[in-house]
Structure formats: C-alpha cells, structure tokens
Amino acid sequence: MLTDSYRHKGLRKKLVDELSKKGIFDKKVLDAINAVPRHFFMDFAIAPEIAYSDKAIPIDCKQTISQPFTVAFQTQLLELKNKDKILEIGTGSGYQTAVLCQLKSNVFTIERQHNLFIKAKTLLISMGYKPKCYFGDGYLGLQSCSPFDKILVTCGAPQIPDGLIKQLKVGGIMIIPIGEETQIMYKIVKISENELKKEALGDYKFVPMLEELEMKKS
Ligand code: SAH
C-alpha cells in the first residue's frame with residue numbers, strides 16, 4: 001500500500017518552498033507539486049529525503065524521473081488553462097503526467113518503453129487520475145488525437161520534430177529540450193500555420209528521445 005505520511009507531506013512542502021525560491025512563481029503549479037506524492041513514482045525503498053530532493057532520480061529501464069525544478073519550470077511555461085488538451089512525450093514514471101492532470105488538463109501521454117508505460121498507467125489510474133496513456137514513438141506524436149493546445153517533451157530531442165509542430169494548434173505552445181549531450185529548453189509558439197516563435201530558456205540535461213532505429217537497437 002502506498003502511504004503519504006506527515007513526513008512525506010512536510011518534505012514536499014519544503015521542496016515547494018525551495019522551488020518558489022528558485023523562481024517558480026505560478027501558484028497553481030506549486031499547488032500541484034504540493035498535491036502529488038512524488039515518492040509514489042519511485043522505488044519504495046528510496047528514502048523520503050531523497051524522494052523530495054530537487055534532483056532527477058533513476059527509475060526502471062535506465063530512465064529518470066525529471067528533477068522537480070524541471071517539471072515545475074516546464075509546466076509553468078505551458079501556461080495551462082483548465083481543460084487544455086495536452087500531449088506529453090515520455091511518460092516515464094508518470095510523475096509529470098500526474099502534475100498535468102492535477103492542473104485539470106486533458107492529458108495524452110506517450111511512452112516508448114512498454115514496462116514503463118504499463119507501470120505508469122496502472123499507478124496513475126490507481127491514484128484517480130485519468131490521462132490517456134499510449135505506448136509508441138512520441139517522435140511521431142499522436143496524429144489521430146491531434147490537434148493539441150500544448151505539447152510537452154520530457155526527453156532530449158535532436159531537433160524540433162515536424163510531425164509534432166503539425167499536431168499543435170495555431171496559438172499553441174510546445175516546450176521541448178533540444179540537443180544531443182545536453183539540451184537547450186525551447187518555448188515554441190505556433191503563430192500561424194507556417195510561422196513559429198522560438199525562445200531559448202537555458203541549459204538542461206535530459207535522457208535522449210530515441211527514434212525508431214535506435215529503439216530497435218535498445
Ligand atoms: N516525464 C517523465 C520523465 C521521464 S524521462 C517523468 O516525470 O518521470 C523521459 C522518458 O521519455 C523516458 O521514459 C523514455 O523512455 C521516454 N522516451 C524516449 N524517447 C521516446 C520516444 N521517442 N517516444 C516516447 N517516449 C520516449
């Protein structure tokens with residue numbers, strides 16, 4: 001049984017204060033981080049102090065649950081409104097997905113590793129969240145459910161995937177880390193059918209977004 005003790009809650013509040021000091025100002029995002037038990041998304045043996053440190057933590061399949069600051073920063077950049085239809089690429093542990101659901105978005109999420117997909121989907125449902133979870137290659141997006149108001153990429157992409165831009169509504173926002181070894185976070189606004197506004201927002205380190213060929217190798 002997963003329990004959210006007073007100790008977990010206290011550490012989580014401390015983490016929220018730390019994120020606010022580091023520059024996260026959107027109250028709704030901070031409230032969502034405060035509401036989602038991050039330790040549910042990790043190995044149960046991980047100490048509460050580690051689960052609520054502002055660090056990326058390894059999960060299965062050589063992947064990581066993103067650093068809380070990164071989750072908060074990317075979420076804040078999305079400027080979410082109630083019921084926004086959002087596509088997340090890289091479900092991973094499902095933690096970022098839970099934060100998006102907590103913000104009352106209509107969440108579609110894709111993961112390419114089958115066991116992570118199953119694990120995250122099962123956990124999110126057991127917590128009462130209702131994202132639409134897909135197993136597949138997020139580089140291609142989710143054509144059949146498009147267009148989306150927002151797109152959030154949580155793995156490092158080699159370049160801006162054309163397919164994803166096509167699946168974004170005009171006026172929509174995409175947040176995507178771009179680069180090979182390290183990435184630059186980009187906020188991309190689709191101004192019109194063929195015009196993008198790109199803003200670079202600092203250096204980050206993500207696990208890579210794998211394309212089909214690499215997926216066959218791994
Ligand atoms: N949002 C996650 C972060 C997980 S790390 C969390 O909060 O835990 C990024 C994830 O992207 C990994 O699980 C990885 O398997 C996945 N990924 C990498 N390439 C992908 C692709 N082409 N399509 C879908 N998911 C991909």
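All ligand and atom numbering here is 1-based and tracks the order in the structure.
- For atom 11 (O) of ligand 1, the choice among Gly90, Ser66, Gly138 with the nearest heavy atom turns out to be Gly90.
- For atom 2 (C) of ligand 1, the nearest non-hydrogen atom from the set Ile65, Thr91, Asp137, Leu210 belongs to Thr91.
- Near Thr64, with a cut-off below 4.0 Å to any heavy atom, the atoms of ligand 1 are 3 (C), 4 (C), 5 (S), 8 (O).
- When each atom of ligand 1 is checked for a heavy atom of Gly136 under 4.0 Å away, the hits are 23 (N), 24 (C).
- In this structure, His39 and His8 have parallel ring planes: the angle between them is below the 30° cut-off, well short of the 60° mark.
- A salt bridge does not link Lys21 with Asp17: every distance from a Lys NZ or Arg NE/NH1/NH2 to an Asp or Glu carboxylate oxygen is 4.0 Å or more.
- Looking at Gln113 against ligand 1, only its side chain comes within 4.0 Å, counting heavy atoms.
- If you number the atoms of ligand 1 from 1 as listed, the ones under 4.0 Å from a heavy atom of Ile110 come out as 24 (C), 25 (N).
- Residue nearest to atom 8 (O) of ligand 1, selected from Ala98, Pro208, Ala120, Ser93: Ser93 (by heavy-atom distance).
- Residue Glu88 has at least one heavy-atom neighbour below 4.0 Å for each of these atoms of ligand 1: 1 (N).
- Under the 4.0 Å criterion applied to side-chain N and carboxylate O atoms, Glu18 and Lys22 are assigned as salt-bridge partners.
- In this structure, CZ on Phe40 lies 8.0 Å from CG on Leu123, to the nearest 0.5 angstrom.
- Rounded to the nearest 0.5 Å, atoms NZ (Lys150) and CD (Gln74) are 14.0 Å apart.
- Those atoms of ligand 1 that come under 4.0 Å of a heavy atom in Gly92, given as number and element, are 4 (C), 13 (O).
- Looking at Asp4 and Arg12, a side-chain N of the basic residue comes within less than 4.0 Å of a carboxylate O on the acidic one, giving a salt bridge.
- In summary, the atoms of ligand 1 found under 4.0 Å from a heavy atom of Leu116, numbered by their order in the structure, are 13 (O).
- Each of the following atoms of ligand 1 lies closer than 4.0 Å to a heavy atom of Val207: 5 (S), 9 (C).
- A parallel orientation is assigned to the rings of Tyr134 and Phe108, their planes being inclined by less than 30° (bins at 30° and 60°).
- Nearest residue to atom 17 (N) of ligand 1 from Pro161, Cys155, Gly94 is Cys155 (criterion: closest heavy atom).
- Counted within 6.0 Å of CD on Gln159, heavy atoms from surrounding residues, nucleotides or ligands total more than 12; the atom is thus considered enclosed.
- With a heavy-atom cut-off of 4.0 Å, Gln63 touches ligand 1 through its side chain alone.
- Heavy-atom neighbours of Lys198 NZ from other residues, nucleotides or ligands within 6.0 Å: at or below the threshold of 12.
- Interface of Thr154 with ligand 1, defined as ligand atoms under 4.0 Å from a residue heavy atom, comprises 1 (N), 2 (C), 3 (C), 5 (S), 9 (C).
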